[in-house]
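First the structure, in the form of structure tokens, and then the observations on it.
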Amino acid sequence: MNNLIIYATKYGCTEKCAEILSEKLMGKVDLCNLKVEKVPELLQYDKIIIGGSIYAGKIQKEVSEFCLKNICMLKDRKVGFFICGMLKGDKAKMQINDCFPQELLINAVVTESFGGEFRFDKMNFMERFIIKMISKKDKSIPRLNINKNVSDILDENINRFVDTMNKSM
């Protein structure tokens, strides 16, 4: 089995999750960061996994553009989708549905939210300020100390995603 994980990352959480996936998937796995690499020929892969992080409710434009540009080809492949973000449950599912084309989601092998991180040490002042304000208003987000990074990567969700992808033939 040849697997390709295509992703975009801003602060590194999505890249970290892509690397975890690559270690757990059966078969050969190639990684492609859309922000720095050219996408390899898709026809050589049996399974394609696409992921990105969510900022202000949107996934990176590189991920959106890749999906739209390759929609016809992706519809005929075994595809999985993931996001990295701090929302969980139904809110995360809504984000997945908003970030990827419905044409692709209806045939997806699996979709999942892997949780996320706030890497305050990599953010500028305005980004830290916005996240602090959102965390004050949204009671589902714990109160944050912007001087301390927060990691909430959901290993259970990653493992469930991997199991489903590995079982798909």
Side-chain angles (χ1 to χ4, degrees), residues 1-119 140 150-169:
M1 262 316 127
N2 287 333
N3 302 283
L4 176 62
I5 302 172
I6 297 171
Y7 66 94
T9 191
K10 185 169 183 178
Y11 296 116
C13 180
T14 306
E15 185 167 48
K16 185 187 296 186
C17 290
E19 289 170 356
I20 292 168
L21 281 175
S22 73
E23 294 167 6
K24 295 181 177 207
L25 286 166
M26 293 187 303
K28 181 180 181 287
V29 180
D30 292 328
L31 294 165
C32 177
N33 181 341
L34 291 171
K35 291 193 175 210
V36 296
E37 298 172 75
K38 185 178 179 210
V39 177
E41 176 55 50
L42 298 178
L43 291 174
Q44 66 181 316
Y45 296 97
D46 303 300
K47 298 176 187 177
I48 299 171
I49 296 168
I50 303 167
S53 48
I54 305 298
Y55 293 95
K58 296 185 187 290
I59 202 160
Q60 287 99 337
K61 70 176 177 155
E62 293 88 353
V63 175
S64 295
E65 289 172 0
F66 171 81
C67 289
L68 292 173
K69 180 181 174 188
N70 295 286
I71 200 162
C72 291
M73 211 282 241
L74 292 170
K75 286 192 307 187
D76 297 330
R77 318 270 334 144
K78 292 190 185 309
V79 181
F81 297 95
F82 73 93
I83 60 169
C84 291
M86 296 304 270
L87 296 180
K88 294 183 175 112
D90 289 340
K91 288 183 179 181
K93 288 178 185 171
M94 285 175 34
Q95 282 185 324
I96 291 169
N97 287 329
D98 290 343
C99 290
F100 296 104
Q102 291 302 308
E103 272 182 89
L104 297 177
L105 289 174
I106 58 172
N107 293 319
V109 172
V110 62
T111 63
E112 191 64 76
S113 171
F114 291 168
E117 294 181 325
F118 287 132
R119 299 291 311 268
S140 68
V150 176
S151 182
D152 192 19
I153 294 175
L154 306 171
D155 293 326
E156 180 180 317
N157 293 14
I158 293 172
N159 290 335
R160 186 171 46 242
F161 185 97
V162 167
D163 288 344
T164 304
M165 286 303 291
N166 282 337
K167 288 176 184 171
S168 70
M169 295 295 172

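For the numbers below, each heavy atom of this structure counts, side chains included, while hydrogens, waters and symmetry mates do not.
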**Prompt:** Do F66 and L74 pass the side-chain contact (heavy atoms from CB on, under 4.5 Å) test, and can you show the C-alpha distance, the side-chain angles, and the key distance before you say yes or no?
**Reply:** CA-CA 10 Å; F66 171 81; L74 292 170; 4.0 Å; yes
**Message:** I50 vs L104, test: side-chain contact (heavy atoms from CB on, under 4.5 Å). Steps then yes/no.
**Reply:** CA-CA 11 Å; I50 303 167; L104 297 177; 5.5 Å; no
**Request:** Show your working on side-chain contact (heavy atoms from CB on, under 4.5 Å) between I20 and F114 and close with a plain yes or no.
**Result:** CA-CA 11 Å; I20 292 168; F114 291 168; over 6 Å; no
**Prompt:** What do the steps show when you test K24 against N159 for side chain to side chain donor-acceptor pair (under 3.5 Å), and what is the final call?
**Reply:** CA-CA 8 Å; K24 295 181 177 207; N159 290 335; 2.5 Å; yes
**Message:** With side-chain contact (heavy atoms from CB on, under 4.5 Å) as the criterion, how do T164 and V109 come out once you've worked through the C-alpha distance, each side chain's angles and the decisive distance to 0.1 Å?
**Reply:** CA-CA 7 Å; T164 304; V109 172; 3.9 Å; yes
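More than 12 heavy atoms of other residues, nucleotides or ligands sit less than 6.0 Å from atom CD of Q102. At most 12 heavy atoms of other shown residues, nucleotides or ligands fall within 6.0 angstrom of atom NZ in K58. Residue K69 qualifies as open at atom NZ: its count of foreign heavy atoms under 6.0 Å is 12 or below.
Remark: N3 CG to D30 CG distance equals 8.5 Å, nearest 0.5 Å. For the atom pair E103 CD and C67 SG, the distance stands at 11.5 Å (nearest 0.5 Å). Rounding to the nearest 0.5 Å gives a distance of 8.5 Å between NZ of K91 and CE of M94. Atoms CD and CG, on Q44 and L4 in that order, are 8.0 Å from each other to the nearest 0.5 Å. Rounding to the nearest 0.5 Å gives a distance of 7.5 Å between CD1 of I83 and CZ of F100. Taken to the nearest 0.5 Å, the NZ atom of K47 stands 6.0 Å off from the CE atom of M26.
Across all non-hydrogen atoms, the minimal contact from C17 to C84 is SG-SG, 3.8 Å. Residues S22 and V29 approach most closely at CB-CG1, 3.6 Å, considering heavy atoms. In terms of heavy-atom proximity, A108 sits nearest to T111 at CB-CG2, 4.1 Å. Among all heavy-atom pairs drawn from V39 and I6, the shortest one is CG1-CD1, 4.3 Å. Between S53 and K10, the closest heavy-atom pair is OG-N, 4.2 Å. Closest of all the heavy-atom pairs between E15 and N33 is OE2-ND2, 4.2 Å.
Remark: side-chain polar atoms of Q60 are paired, donor with acceptor, to backbone N or O of A8 under 3.5 angstrom. In this structure, N2 contributes its side chain and D46 its backbone to no donor-acceptor pair below 3.5 Å.
You'll find the side chain of L43 reaches within 4.5 Å of the side chain of R77, heavy atoms only. For the pair T14 and F82, the minimum side-chain heavy-atom distance is below 4.5 Å.
Of the candidates L31, L21, V63, Y7 forms a side-chain contact (heavy atoms from CB on, under 4.5 Å) with just one, namely L31.
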